[in-house]
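Take a look at the structure below.
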Amino acid sequence: MKILPTGLHGGDASGLESASPGRLLPPSHTSYDDATLKALAQIMEAAKEPEPPNDEPDTEENPFMPAGFTYLSQLVDHDLTFDTQSSLAAGGDSRPSNERSPRLDLDCLYGSGPSDRPYMYAADGASLIDVGRDLPRASNGRAIIGDPRNDENSIVCQLQLALIKFHNAVVVQLKTTGLKGDALFAAARREVRWTYQRVLTDDFLPRLIHGDVLDKFLADRKLRGNLGYKLFTENKRSTIPLEFSGAAYRMGHSMVRDGYRLNPGFKAQIFDAIGTAASLVGFGPLPLDHDIKWRSFFYDAANEASGSATPPPGELARNTTVSATRLQFSYKLDTTITNPLAHLPPQIVSSGDPHKSLGERNLLRGNLFRLATGQEVAAAIGVAPLAAPEMTTRPSVDGQTARNRIADIDPRLATQTPLWFYILCEAEQAVRDAETNNGGGPLSDAAMQAIGTQLGPVGGRINAELFYGLLDSDPDSVVHAPASWVPIIKKFRMSELLKMAGVFV
């Protein structure tokens, strides 16, 4: 059985450029037995929440990160990585592959362009086909898009649709300049790519990465250029490194909620055992009641309980209102994985596959690829590693996190820690600090709701260097845009992109 793709990814390249991923650091000499990793995955598993899923204010919510960014990060993953080769099966192929280009170029949206994939494009040769409230589909129900994985659930499906509509809105505006055909498509694609890249650097990364970590990296980069990179140096940017695809960017699995309210009349689990309409599992026509109200997933001034301006990315914001239109947040970046991800259904993992837990799969994958430990990466970037007592997780009981019941992990894992788990421990530091300041006792629900979690020195540095390194080394990226560029949207926020697409309701 193939390993799950890393989701839940210039020029005219289709993105289907098979290559072996690179590395930031040499393979680690540390390895773990499967039983130890499975035991760790089990204590990371949250208890099953009651049905229907909770979409109201929750102690597990992360006030840095509205829920829509969980699925934007999934779409970005599909833009960058697609491993079709490696296997977790005994005797299987352990060599990873990547059939995506190492560029933030939205090949998952454009494929190889209208000349090679005319069935994705309208008669003007510049617009993507848009059939309304759902993605264009073949007779078997499968989406006709640049990356079929962007139809794997109802939320990322509608993000893909929003990008189609945004591209087409850009085409309409550029037609007024007299551009036509190939020139019109190229200009629109460039505008959409540059906007998408600025949304990632301006709206997503400051929410994901702790400000001290991001600011330190950006200062190094500004002062020293490519010499300011400690890991993703210029000579490593022809591929996506395994430390990113196999660990650091898998932080999104911790952000997933059990379920979401898509609109005031409908909420559902992310998936169930049989894939009913109450599940968000995709790969078929979008159910009529799954239409998303994006104001419940991304910030806009109207979301704020105070009615004030939207907080800048990286600043805490809360919406504790209990209503059918409240802004939902992702779950905290921490060492707990929501229950459905620990019991993947047959639509995602075959019935004969013994590895049903996404946490277990992540840990086994990192071990298979001999990823550097968290401590090894910390040493490489010159920061003090987390102390062994900080390598813990908080199991949950009856749907509530047992904040005063810290579970110790295997002692060896506490000093030679799998990179994915280490990065989540770093992010959870804010919770541990709050508990320490509270005398070590459990926090109140109000205190827990107010705590935001972000990637720390190791996880934050890997992600920051990856995103900016790809942009710096791509001559067609937004960091190389001419000073004369006048962006079509004036504020690089997902809400503004969705407004121009006509779907921010």
Side-chain angles (χ1 to χ4, degrees), residues 9-16 71-72 75-76 78-79 100-101 103-139 141-151 154-200 282 285-286 291-292 294 476-478 481 485-490 492 494-505:
H9 301 6
D12 291 327
S14 68
L16 300 178
Y71 295 89
L72 176 63
L75 186 141
V76 171
H78 293 173
D79 190 17
R100 282 291 175 263
S101 60
R103 293 183 290 276
L104 290 161
D105 58 4
L106 285 175
D107 49 25
C108 59
L109 176 66
Y110 294 116
S112 47
S115 62
D116 189 54
R117 299 192 182 185
Y119 51 86
M120 290 172 49
Y121 291 84
D124 64 4
S127 303
L128 288 155
I129 289 177
D130 177 7
V131 297
R133 60 169 294 276
D134 193 5
L135 295 171
R137 296 185 182 275
S139 59
R142 291 303 176 101
I144 305 171
I145 54 177
D147 189 326
R149 295 174 297 165
N150 282 355
D151 189 34
S154 295
I155 303 177
V156 76
C157 157
Q158 292 179 79
L159 269 181
Q160 174 87 12
L161 179 61
L163 285 172
I164 289 173
K165 292 179 182 294
F166 177 64
H167 169 87
N168 290 348
V170 172
V171 168
V172 169
Q173 189 155 331
L174 291 178
K175 280 182 177 179
T176 63
T177 67
L179 289 173
K180 296 179 181 179
D182 291 345
L184 176 59
F185 170 70
R189 182 180 58 180
R190 182 184 66 179
E191 182 71 26
V192 172
R193 284 175 171 171
W194 285 358
T195 301
Y196 158 74
Q197 291 164 1
R198 282 293 302 270
V199 166
L200 295 179
L286 185 70
D291 288 348
I292 283 184
W294 286 116
D476 296 322
S477 82
V478 71
W485 177 48
V486 180
I488 282 183
I489 65 173
K490 305 307 178 187
F492 295 109
M494 268 305 293
S495 58
E496 297 304 309
L497 184 156
L498 295 169
K499 286 175 187 176
M500 185 165 176
V503 298
F504 196 73
V505 294

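Please read all numbers here as calculations on a predicted model, not as lab measurements.
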Q: Could you grab the distance from atom CD of Q197 to atom CG of D476, nearest 0.5 Å is fine?
A: 9.5 Å
(Q) Going by the rule side-chain contact (heavy atoms from CB on, under 4.5 Å), which residues pair with L161 if we only count those two or more places apart in sequence or in a different chain? (A) D130, L135, K165
**Q.** Aromatic ring proximity Y196/F166, centre distance under 6.0 Å
**A.** no
Q.
Given 3.5 Å as the limit, does a donor-acceptor pair link the side chain of Q158 with the main chain of I292, or not?
A. yes
Q: Applying side-chain contact (heavy atoms from CB on, under 4.5 Å), run through Y121 and Y110 and close with a yes or a no.
A: CA-CA 9 Å; Y121 291 84; Y110 294 116; 3.6 Å; yes
(Q) Using 0.5 Å steps for rounding, measure from the CG atom of L104 to the CZ atom of R198. (A) 14.0 Å
Q. Hey, what do you get for CD1 (I145) to CD1 (I164), rounding to the nearest 0.5 Å?
A. 7.0 Å
Q.
Set out, in order, the CA-CA distance, both residues' side-chain angles and the distance that settles side-chain contact (heavy atoms from CB on, under 4.5 Å) for F185 and L179, then state yes or no.
A. CA-CA 9 Å; F185 170 70; L179 289 173; over 6 Å; no
Q. Between CG of D147 and CG of L109, what distance do you get to the nearest 0.5 Å?
A. 10.5 Å
Q: For the pair D134 (side chain) and L286 (backbone), establish whether a donor and an acceptor sit closer than 3.5 Å, ignoring hydrogens and angles.
A: yes
Q.
Restricting to side-chain contact (heavy atoms from CB on, under 4.5 Å), what partner residues turn up for I129, sequence neighbours left out?
A. V131, P136
Q: Taking all heavy atoms of P114 and all of G125, pick out the closest pair and write down the distance.
A: CG-O, 3.5 Å
Q) Looking at side-chain heavy atoms only, is the closest gap between L497 and F492 below 4.5 Å? A) no
Would you give me the side-chain donor-acceptor pairs under 3.5 Å for residues 169-178, sequence neighbours excluded?
from: K175; atom 1: NZ; to: D124; atom 2: OD2; distance (Å): 3.1
from: T176; atom 1: OG1; to: Q173; atom 2: O; distance (Å): 2.5
from: T177; atom 1: OG1; to: L174; atom 2: O; distance (Å): 2.5

Q.
Can you tell me how far apart CZ (R190) and CG (D105) are? Round to the nearest 0.5 Å.
A. 15.5 Å
(Q) With rounding to the nearest 0.5 angstrom, report the CG to CG distance, L159 to L498. (A) 7.0 Å
Q.
Looking at H167 and E191, would you say the former's side chain and the latter's main chain have a donor-acceptor pair under 3.5 Å?
A. no
Q. Any side-chain heavy-atom pair from L128 and L163 closer than 4.5 angstrom?
A. no
Q. Is R137 atom CZ crowded by more than 12 heavy atoms from other residues, nucleotides or ligands, each under 6.0 Å away?
A. yes
Q.
I need the minimum non-hydrogen distance between A126 and G181, along with the two atoms involved.
A. CB-O, 4.1 Å
